[in-house]
Structures are given as C-alpha cells and as structure tokens.
Trainee: 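This is the structure I want to talk about, given as structure tokens.
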2 protein chains.
Amino acid sequence: MEHECGTSPDKRDERLALLIWYRFSRIYNQSVRESEQHLKTWDMTVAQFDVIAQIGLNKRLTQGQLAEKLLVTKGNITQLLSRLEQAGLIRREQDWKVKHVSLTDKGKALYEQVVPMQERFQASHFDALDREEKEQFLHLLKKLSARTTE
Amino acid sequence: MEHECGTSPDKRDERLALLIWYRFSRIYNQSVRESEQHLKTWDMTVAQFDVIAQIGLNKRLTQGQLAEKLLVTKGNITQLLSRLEQAGLIRREQDWKVKHVSLTDKGKALYEQVVPMQERFQASHFDALDREEKEQFLHLLKKLSARTTE
DNA sequence: TACCATCAGTTTATATCTAAACTGATGATC
DNA sequence: GATCATCAGTTTAGATATAAACTGATGGTA
C-alpha cells in the first residue's frame with residue numbers, strides 16, 4: 001500500500017521484521033519438537049503436558065477456564081480431557097452447571113515429577129544468553145505482547 | 001516456588017528463562033492464529049501459504065527439499081501437495097527418481113498477490129519495536145538458533 | 001406455566017502434523 | 001543377471017487443533 005520514493009527505511013524495516021519472524025518461528029517450532037521428544041519419556045505430548053501443568057498449578061478449575069488459560073477452544077479441551085481421564089490422570093466433577101477438573105493422585109505424582117523436569121528443559125533453550133541478554137529479550141517480548149494483546 | 005534468601009542465581013536464571021519461554025510461545029501462537037484469520041481471505045491455511053511461498057521463492061524443487069526447507073516430514077508434504085494440486089495451484093513432475101514441484105499459472109497469480117500481503121502482515125507484528133530494538137531482537141534470536149542448530 | 005436467551009460442554013467435519021510401515025525405482029556388488 | 005541396500009515419495013494410524021452445530025440446564029420474563 002506504500003510506495004515510498006527515496007527507497008524508504010520502511011522497506012528496510014519490513015525486511016528486518018520479516019527476518020525476525022522467520023527466525024522466531026523456526027526457533028519456536030524446533031523447541032516444540034524437542035519438547036515433544038523429551039516428553040516421550042513420560043508417554044506424554046506437549047498438549048497433555050500443558051493441561052496437566054495448568055491443572056496442577058490451579059488445583060481445580062472449570063473446563064472453560066482451562067480453555068481460556070491455554071488459549072484453545074472448549075472442543076479441544078473436551079478431547080484432551082477425555083484422554084487424560086481415561087489414563088486416570090484427571091477427574092471431572094459436574095458441579096452446578098460447570099465441570100470442575102482436578103488431578104487424581106496418579107496425576108499429581110506425574111505433575112510433581114514431570115513439571116520441574118520440563119521447565120528445566122524449556123528454560124535450557126535460552127542458556128545461550130547471559131543474564132543481561134535474557135532480561136533484554138524478555139523486555140522486548142513484553143513490548144511485543146503489549147501491542148499484540150490490545 | 002521461590003524462597004529467595006541468599007540463594008542461587010541459577011534458580012533466578014531459570015525462572016527468567018521460563019518467563020521468556022511462556023511469553024515467547026504465547027506470542028507465537030497468537031501470531032499464527034492471526035495469520036490464519038488473515039489468510040482466510042484467500043481461502044488458505046498457514047501451512048498452505050508456507051508451501052506456496054517456498055515454491056514461489058525457489059521456482060522448482062523436489063518434495064524432499066521442500067520438506068527440509070519447511071522443517072516438516074515428507075508425509076506431511078505429500079498430503080499438503082495433494083490438496084494444492086487438486087486446487088490447481090501446483091504441479092508435480094516425475095523426473096528421474098524425484099518429483100519436481102512448481103507453481104501453475106493460477107498458483108503464480110496467487111503467489112504474487114498473497115505473499116507480499118502476508119509478509120507485510122507478519123512483519124507488522126514487530127511494529128512495536130523501533131529499528132534498534134529490531135536489530136537487538138534479531139541478534140538475540142541468532143544467538144539462540146546458533147545454539148539450537150548444533 | 002410457557003417461551004426464550006444464554007451458557008458449559010460435546011460432537012462432528014476438516015486440516016495439520018508425526019512416526020512408522022510400505023512401494024517402487026536405482027544402482028552396487030557378487 | 002540375481003540380490004540387496006538405499007532413497008523419494010506414499011500411506012496409515014493417531015494426536016492436535018479449529019469452527020460450527022448441537023445438547024441440556026439455568027433462569028428470566030411474559
């Protein structure tokens with residue numbers, strides 16, 4: 001929509017942003033794939049881990065709240081919970097007009113074992129950065145999400 | 001999780017890295033979802049866009065090369081190409097023992113229309129950063145991928 | 001009481017994606 | 001020439017994800 005005449009710093013800015021985007025998504029996808037591998041040790045997928053981690057953190061929440069926290073649809077939550085329920089890791093209790101979800105003992109045991117491991121693993125992706133760089137990075141990300149959210 | 005008193009900068013570093021990870025993935029997922037919406041205008045998904053963009057860029061490549069560039073499996077490429085072929089956007093030519101993929105005229109027209117749009121859109125996610133911050137960000141990402149790749 | 005909005009969760013259809021098994025062609029080695 | 005490994009692409013089964021239609025309960029309002 002914009003033809004700048006004198007070669008535009010806009011164009012250069014866009015080019016820079018594009019490079020960022022491509023690298024950003026490559027890094028993200030690679031990380032997810034590594035996590036997938038890592039979680040196989042416990043026979044879990046990343047999606048399942050996210051659910052377990054979120055329930056463990058909040059102790060007890062409705063399916064709708066869970067969907068909202070994980071930024072996925074209610075339908076997706078239904079499917080994921082069915083599997084986790086079958087595996088005996090979570091429990092659903094109808095409660096008035098909502099269903100509360102919580103971890104079973106088996107689920108809690110898994111939570112306490114896997115979550116610290118996985119968090120250490122995820123954190124390790126940023127080992128290449130020193131403290132100051134990490135703070136810089138987080139700062140930039142915050143600027144981005146401030147913009148994305150609104 | 002944190003009883004700070006004198007204690008380990010390691011723990012703090014891990015905590016920082018975790019915050020980065022969560023924000024990183026939230027931003028990424030949000031961006032992808034927005035792209036998904038944006039691409040609906042052209043009846044395309046993100047995966048299909050990536051394929052079209054990559055073929056348009058390279059003019060002609062084998063399915064294996066395509067899989068490698070997009071960091072997905074050969075099986076996935078087979079599935080994606082079947083749809084795009086059916087839609088008349090790409091062409092597959094058996095050539096010795098490989099299949100070369102290229103854009104049809106219809107595919108080329110779409111490519112020329114959608115790619116600039118979409119790139120502008122993806123780039124716009126980083127509008128919140130000024131030039132210097134973009135450069136800083138890219139620099140940090142490069143450090144990360146240098147580590148991740150090897 | 002009858003009607004109707006809304007709301008939580010489910011279902012269904014469709015698209016991605018992987019891993020692993022499979023197919024068929026190429027080409028090396030005996 | 002027969003056998004075998006390799007390699008590109010396909011197929012299949014299973015997990016994830018969405019959107020959109022559906023179900024059933026709650027609760028307001030006429």
Side-chain angles (χ1 to χ4, degrees), chain A residues 25-26 28-52 54-55 60-87 89-101, chain B residues 25-26 28-52 54-55 60-87 89-101:
Chain A
S25 55
R26 206 161 66 242
Y28 179 77
N29 285 313
Q30 205 147 16
S31 294
V32 169
R33 232 148 283 179
E34 283 171 30
S35 288
E36 203 75 61
Q37 291 306 315
H38 186 243
L39 285 171
K40 265 196 186 150
T41 321
W42 293 275
D43 258 313
M44 288 187 100
T45 64
V46 166
Q48 287 164 3
F49 169 83
D50 286 343
V51 172
I52 295 287
Q54 200 58 239
I55 302 176
R60 190 158 177 282
L61 59 173
T62 67
Q63 296 194 186
Q65 292 170 328
L66 194 51
E68 203 178 345
K69 283 196 187 285
L70 295 176
L71 301 173
V72 298
T73 58
K74 301 167 297 169
N76 189 4
I77 291 295
T78 297
Q79 295 170 324
L80 285 168
L81 289 182
S82 305
R83 276 195 197 81
L84 293 172
E85 193 173 38
Q86 242 175 346
L89 296 169
I90 63 109
R91 177 179 26 236
R92 285 196 265 199
E93 295 163 286
Q94 183 82 37
D95 199 13
W96 192 55
K97 63 187 264 191
V98 300
K99 286 189 182 174
H100 277 102
V101 189
Chain B
S25 54
R26 207 162 64 242
Y28 179 79
N29 285 313
Q30 205 147 16
S31 295
V32 168
R33 230 148 289 178
E34 285 171 27
S35 288
E36 203 74 62
Q37 290 308 315
H38 185 243
L39 285 171
K40 265 196 185 150
T41 320
W42 293 274
D43 258 313
M44 289 187 99
T45 64
V46 167
Q48 287 164 3
F49 170 81
D50 286 343
V51 171
I52 295 287
Q54 201 57 241
I55 301 176
R60 191 158 177 281
L61 25 64
T62 67
Q63 296 195 186
Q65 292 170 328
L66 195 51
E68 203 178 344
K69 284 197 187 282
L70 295 176
L71 300 172
V72 299
T73 58
K74 299 168 295 167
N76 191 4
I77 290 295
T78 296
Q79 296 170 325
L80 285 168
L81 289 183
S82 305
R83 278 195 196 80
L84 293 173
E85 193 173 37
Q86 243 175 346
L89 296 168
I90 62 109
R91 177 180 24 239
R92 286 194 264 199
E93 295 163 285
Q94 183 81 37
D95 199 12
W96 190 56
K97 63 186 265 189
V98 300
K99 286 190 182 173
H100 277 100
V101 190

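By convention in this document, chain letters (A, B, ...) are assigned in the order of the sequence lines, proteins followed by strands, and residues within each chain are numbered from 1.
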Trainee: Check whether any side-chain nitrogen or oxygen of B:Arg92 sits under 4.0 Å from OP1 or OP2 of D:dT10, and answer yes or no.
Mentor: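 So the side-chain polar atoms of B:Arg92 do come within 4.0 Å of the phosphate oxygens OP1 or OP2 of D:dT10, strictly under.
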
Trainee: For nucleotides 14-19 of chain D, read 5' to 3', which letter fits each nucleotide if B means a protein heavy atom sits under 4.0 Å from the base, S means only the sugar-phosphate is that close, and - means neither?
Mentor: -SBBBS

Trainee: So which nucleotide does C:dA20 pair with, by the Watson-Crick or G-U wobble rule with both distances under 3.5 Å?
Mentor: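 Across all strands, the one nucleotide that pairs with C:dA20 is D:dT11.
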
Trainee: Count the heavy atoms of every other residue, nucleotide or ligand shown that sit under 6.0 Å from CD of A:Glu93, and state whether that count exceeds 12.
Mentor: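 Yes.
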
Trainee: What's the base orientation of C:dA5: syn (chi within 90° of 0) or anti?
Mentor: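 What C:dA5 shows is a syn base, its glycosidic angle lying within 90° of 0.
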
Trainee: Taking atom CD as the centre, does B:Gln94 end up with more than 12 heavy-atom neighbours from other residues, nucleotides or ligands that are less than 6.0 angstrom away?
Mentor: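 Atom CD in B:Gln94 is crowded, with more than 12 foreign heavy atoms closer than 6.0 Å.
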
Trainee: What is the separation between atom CD on A:Glu68 and atom C1' on C:dC7, rounded to the nearest whole Å?
Mentor: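 Roughly 14 Å, once rounded to whole Å.
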
Trainee: Would you kindly give the CG-to-C1' distance between A:Leu81 and C:dT10, to the nearest whole Å?
Mentor: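 Spelled out: CG on A:Leu81 to C1' on C:dT10 is 12 Å.
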
Trainee: Which distance, rounded to the nearest 0.5 Å, do you find between the CZ of B:Arg91 and the CD of B:Glu85?
Mentor: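 These two atoms lie 10.0 Å from each other.
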
Trainee: Rounded to the nearest angstrom, tell me the gap between atom CG in B:Leu66 and atom P in D:dT10.
Mentor: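 Nearest whole value for this atom pair: 12 Å.
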
Trainee: Report all side-chain donor-acceptor pairs from residues 36-47 of chain A shorter than 3.5 Å, counting only partners two or more places apart or in another chain.
Mentor:
unit_1  : atom_1 : unit_2   : atom_2 : d
A:Glu36 : OE2    : A:Val46  : N      : 3.4
A:His38 : ND1    : A:Gln118 : OE1    : 2.8
A:Thr41 : OG1    : A:His38  : O      : 2.7
A:Thr45 : OG1    : A:Gln48  : N      : 3.2

Trainee: Rounded to whole angstroms, how far apart are CG on B:Asp95 and C1' on C:dA25?
Mentor: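 For the pair B:Asp95 CG and C:dA25 C1', the rounded distance is 14 Å.
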
Trainee: How many Å lie between CH2 on A:Trp96 and P on D:dT26, as a whole number?
Mentor: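 It works out to 8 Å between those atoms.
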
Trainee: For the pair made of CD in A:Glu93 and C1' in C:dG9, what is the distance, rounded to whole Å?
Mentor: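 To the nearest whole Å, that distance equals 16 Å.
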
Trainee: I'd like a table of donor-acceptor pairs (distance under 3.5 Å, sequence neighbours excluded) in which one partner is a side-chain atom from residues 66-78 of chain A, with atom names and distances.
Mentor:
unit_1  : atom_1 : unit_2  : atom_2 : d
A:Thr73 : OG1    : A:Asn76 : N      : 3.3
A:Thr78 : OG1    : A:Lys74 : O      : 3.2

Trainee: B:His100 NE2 to D:dG9 C1': how many Å, rounded?
Mentor: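 Distance check: B:His100 NE2 to D:dG9 C1' gives 14 Å.
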
Trainee: Report the distance from atom CG of A:Leu89 to atom CD1 of A:Ile52, rounding to the nearest 0.5 Å.
Mentor: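 These two atoms lie 5.0 Å from each other.
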
Trainee: Between D:dT10 and B:Gln63, is there an OP1 or OP2 to side-chain N/O distance shorter than 4.0 Å?
Mentor: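 For B:Gln63, the contact criterion (side-chain N or O under 4.0 Å from OP1 or OP2 of D:dT10) is met.
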
Trainee: Round to a whole Å and report the spacing from CG of A:Asn29 to C1' of C:dC17.
Mentor: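 So the CG-C1' distance, A:Asn29 to C:dC17, works out to 11 Å.
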
Trainee: Kindly indicate whether the side chain of A:Val101, heavy atoms from C-beta on, has any atom under 4.5 Å from the side chain of A:Lys99.
Mentor: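 With C-beta onward as the side chain, the pair stays apart.
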
Trainee: Under a 3.5 Å limit for both distances, which nucleotide forms a Watson-Crick or G-U wobble pair with D:dG1, could you say?
Mentor: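 Partner of D:dG1: C:dC30.
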
